[in-house]
Amino acid sequence: MCAVRRSICSALFKQNVVLSSNGNNNTFAGRNASRLKNRLNLSRYLSSAKNNNIDTGDGEAVTTAGHALITTSPKTVSDFQELYEATKKKFQSKKLPVDVHPDAVFACNELDLSEVQVYGFDYDYTLACYKPILEDLLYNLAREMLVKRFRYPDDILELEYEPNFAVRGLHYDVEKGLLVKLDSFLQLQLGSVYRGRTKVGADEVLKLYHNRLLPIAYVEGPNSTYRHNTNSKMVQLADLFSVPEMCLLCNVIEYFERNRIDYNPEIVFHDTRTAMGSCHPIMHATVMKNTEKYIERNAKLGQYFKKLQDAGKNLFLVTNSPFSFVNCGMSYLVGANWRDFFDVVIVQARKPKFFTDESRPIRLFDEKTKSHLWDRVFKLEKGKIYYEGSVRQLQELKGWRGHSVLYFGDHPYSDLADVTLKHSWRTGAIISELAHEIKTLNRVDFKMSANWLQMLTQLIEDTQDDDSEAAQVCLRQWMDERDQLRNKTKNVFNEQFGSVFRTYHNPTYFSRRLFRFADIYTSDITNLHKFSTSHTFYPRRGVMPHEYASHFI
């Protein structure tokens with residue numbers, strides 16, 4: 001341990017340990033432990049020439065000027081254990097953070113709603129939120145298609161859906177056949193790498209990739225973009241429809257591995273993706289027959305639309321789903337007159353091409369023939385349904401541009417990336433699993449574990465440079481405990497992959513993109529109903545690494 005860190009740890013140690021009056025072994029003094037200040041900040045002692053003395057709490061001082069050392073540091077295992085216990089007592093005395101409201105709206109960028117005149121919406125998982133049974137339906141349909149259309153073994157039909165296996169935002173390595181979780185720095189989260197349904201050990205992962213940190217070209221392709229590049233080795237599965245897809249993909253690979261059947265990971269991926277996409281028309285028909293079974297009722301949705309309409313706002317809908325499916329769902333959610341709220345409705349938009357291509361003409365949709373008309377569209381009229389087209393035409397025909405438009409979607413790339421980067425629209429992300437994440441964050445056991453993890457990590461950091469045998473013995477114990485805490489705070493969200501938003505400590509790759517492309521995000525669109533149309537959402541002032549420290553992050 002360097003002299004300065006040693007002196008600081010010594011002061012912390014002396015502040016919590018006193019010699020008994022008869023000179024026996026050191027014991028805890030509760031009154032001294034209670035006087036322990038907030039975690040000692042090394043920069044506090046190095047940044048000012050005036051801070052040359054550290055009060056130990058008993059009238060003595062440790063001098064840090066010139067890195068001199070005038071007091072005894074912890075030397076024995078017992079000393080370091082007492083330092084650990086003092087830190088533990090400090091942790092137990094701290095108040096836990098207040099609960100996060102599950103219906104809150106979170107700001108990544110300041111958003112003044114008084115500047116917004118036009119509200120746009122996606123449909124699937126934005127206005128219409130589906131019950132978990134829809135994932136079972138998609139999985140079963142795609143599984144059957146793999147067998148009947150792609151001639152996969154009949155035994156595949158016996159592979160059941162496991163809803164708690166995967167989370168959205170994971171990457172599939174099409175070359176190696178691995179499902180992995182990446183953080184915002186493109187680092188693999190060891191312990192969350194799977195071949196099929198089998199976890200791949202850290203040693204094998206490092207042997208395959210040679211490094212925990214992946215090159216950006218490997219993840220995003222040689223020409224790095226925010227959207228999947230066909231030349232990249234990895235595909236991110238970023239929407240909720242991809243969760244049953246990931247489970248089916250891993251179940252099939254697990255079957256091949258266990259039965260020693262040769263397979264090409266890339267071909268299996270593309271077969272699974274094609275099967276999942278091809279079964280959507282069947283899924284649409286099934287949901288339309290029993291809408292209540294698959295779509296969550298949301299009584300506030302119509303109220304929210306009316307509030308916006310009464311405030312003089314324009315509303316539009318752009319979705320990739322067909323009109324019959326959208327009409328059925330919106331009639332169930334809002335009522336048969338749902339179209340009265342919208343100035344423009346565009347179906348089968350084929351996003352993200354709707355936001356990127358400029359040559360795709362917009363067509364009028366004929367509800368009688370259930371197909372589009374070939375007549376050129378010169379204006380967009382309320383009450384009519386439009387088909388395909390592009391955002392360029394939408395902006396030209398309606399004059400809706402820039403920060404006066406706020407568009408909501410569930411997919412950070414297909415829905416939000418292009419409109420914010422290329423068209424300067426404001427954006428909102430609807431992340432339905434946020435409700436589960438917040439519920440978990442609010443658990444007392446999670447708060448306790450996360451708080452203690454932070455304080456234990458700081459203790460390790462302050463002690464790690466002490467190369468004495470006593471310090472190293474304790475450090476090994478503390479590191480083992482830290483690893484257990486890291487796994488505990490991960491598994492409470494999802495045993496295989498943890499939180500959608502965080503790896504062990506860093507934000508996930510999904511979070512990085514979400515925070516970049518969404519001005520605000522929330523778990524349900526109607527969470528905005530309680531805010532006025534002139535409300536301003538302010539981002540929280542985050543703590544940067546060089547700023548004030550906090551035990552709980």
Side-chain angles (χ1 to χ4, degrees), residues 100-106 119-141 161 163-164 166-169 238-245 247 276 279-280 282-308 315 317-339 341-342 345 347 408-411 414-415 428-440 442 493-494 500 518 520-531:
V100 179
H101 199 288
D103 296 337
V105 176
F106 305 95
Y119 286 74
F121 304 92
D122 180 31
Y123 174 71
D124 295 300
Y125 284 111
T126 300
L127 299 181
C129 292
Y130 299 100
K131 297 178 181 179
I133 195 173
L134 183 76
E135 296 179 7
D136 291 89
L137 174 64
L138 283 169
Y139 178 91
N140 294 336
L141 290 172
Y161 178 55
N164 297 318
V167 297
R168 95 153 108 175
D239 63 20
L240 285 175
F241 284 130
S242 65
V243 174
E245 178 184 347
C247 185
M276 188 65 67
C279 72
H280 272 243
I282 306 173
M283 179 270 286
H284 291 157
T286 305
V287 172
M288 289 168 61
K289 290 177 182 177
N290 194 347
T291 308
E292 187 176 1
K293 180 179 179 180
Y294 293 99
I295 297 181
E296 297 278 6
R297 174 73 77 176
N298 191 341
K300 295 180 181 179
L301 191 59
Q303 299 172 22
Y304 180 53
F305 291 157
K306 187 176 187 307
K307 177 179 179 177
L308 295 177
L315 279 66
L317 176 67
V318 176
T319 175
N320 287 348
S321 293
F323 173 70
S324 57
F325 182 65
V326 175
N327 184 50
C328 180
M330 289 297 289
S331 297
Y332 171 73
L333 290 167
V334 181
N337 64 336
W338 68 270
R339 290 158 62 178
F341 291 113
F342 291 89
V345 176
V347 298
F408 291 94
D410 70 294
H411 197 300
S414 297
D415 291 324
I430 306 302
I431 311 296
S432 60
E433 58 265 58
L434 187 61
H436 164 70
E437 296 262 340
I438 292 175
K439 183 179 179 180
T440 305
N442 287 341
F493 292 97
N494 175 280
V500 173
I520 58 174
Y521 65 99
T522 187
S523 61
D524 188 284
I525 187 66
T526 56
N527 290 341
L528 282 93
H529 181 53
K530 58 181 172 286
F531 299 100

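Between the side chain of K300 and the main chain of I525, no donor-acceptor pair closer than 3.5 Å is present. N298 places no side-chain N or O within donor-acceptor distance of the main-chain N or O of A128, the cut-off being under 3.5 Å. For the pair E433 (side chain) and V500 (backbone), a donor-acceptor distance under 3.5 Å is absent. A donor-acceptor pair under 3.5 Å is formed between the side chain of R297 and the backbone N or O of Y332.
Here the shortest heavy-atom pairing between L141 and C279 reads CB-CB, 3.7 Å. Looking at every heavy atom in both residues, E135 comes nearest to P244 through O-CB, 3.7 Å. Residues T126 and I430 approach most closely at CG2-CG1, 3.8 Å, considering heavy atoms. When every heavy atom of M283 is checked against every heavy atom of L138, the shortest pair comes out as CG-CD2, 3.9 Å. When all heavy atoms of T319 and S321 are compared, the pair lying nearest together is OG1-N, 3.0 Å. Here the closest non-hydrogen pair linking T291 and C328 is OG1-SG, 3.2 Å.
Taking the side chain as every heavy atom from C-beta outward, V334 and Y304 never approach each other to under 4.5 Å. Residues L333 and W338 are not in side-chain contact: their nearest non-hydrogen atoms beyond the backbone lie 4.5 Å or more apart. A heavy-atom distance below 4.5 Å is not found between the side chains of H280 and D124. The shortest distance between side-chain heavy atoms of V243 and Y139 does not fall below 4.5 Å. With a 4.5 Å cut-off on side-chain heavy atoms, L528 and Y119 do not count as touching.
The 12-atom threshold is exceeded at NZ of K530, counting heavy atoms of other residues, nucleotides or ligands nearer than 6.0 Å. In K439, the NZ atom is not crowded: 12 or fewer heavy atoms of neighbouring residues, nucleotides or ligands sit closer than 6.0 Å. By the neighbour-count criterion of 12 heavy atoms within 6.0 Å, atom NZ of K307 is densely surrounded, having more than that number from other residues, nucleotides or ligands.
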F493 vs V167, side chain to side chain contact (heavy atoms under 4.5 Å, CB included): CA-CA, chis, key distance, verdict | CA-CA 10 Å; F493 292 97; V167 297; over 6 Å; no
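Proximity of the aromatic rings of F305 and F121 is defined here by a centroid distance below 6.0 angstrom, and this criterion is met.
Applying the ring-ring contact (aromatic ring centres under 6.0 Å, His included) rule to Y294 yields no partners; only residues at least two apart in sequence or on another chain are considered. Not counting sequence neighbours, the partners of Y130 by the ring-ring contact (aromatic ring centres under 6.0 Å, His included) test are Y125.
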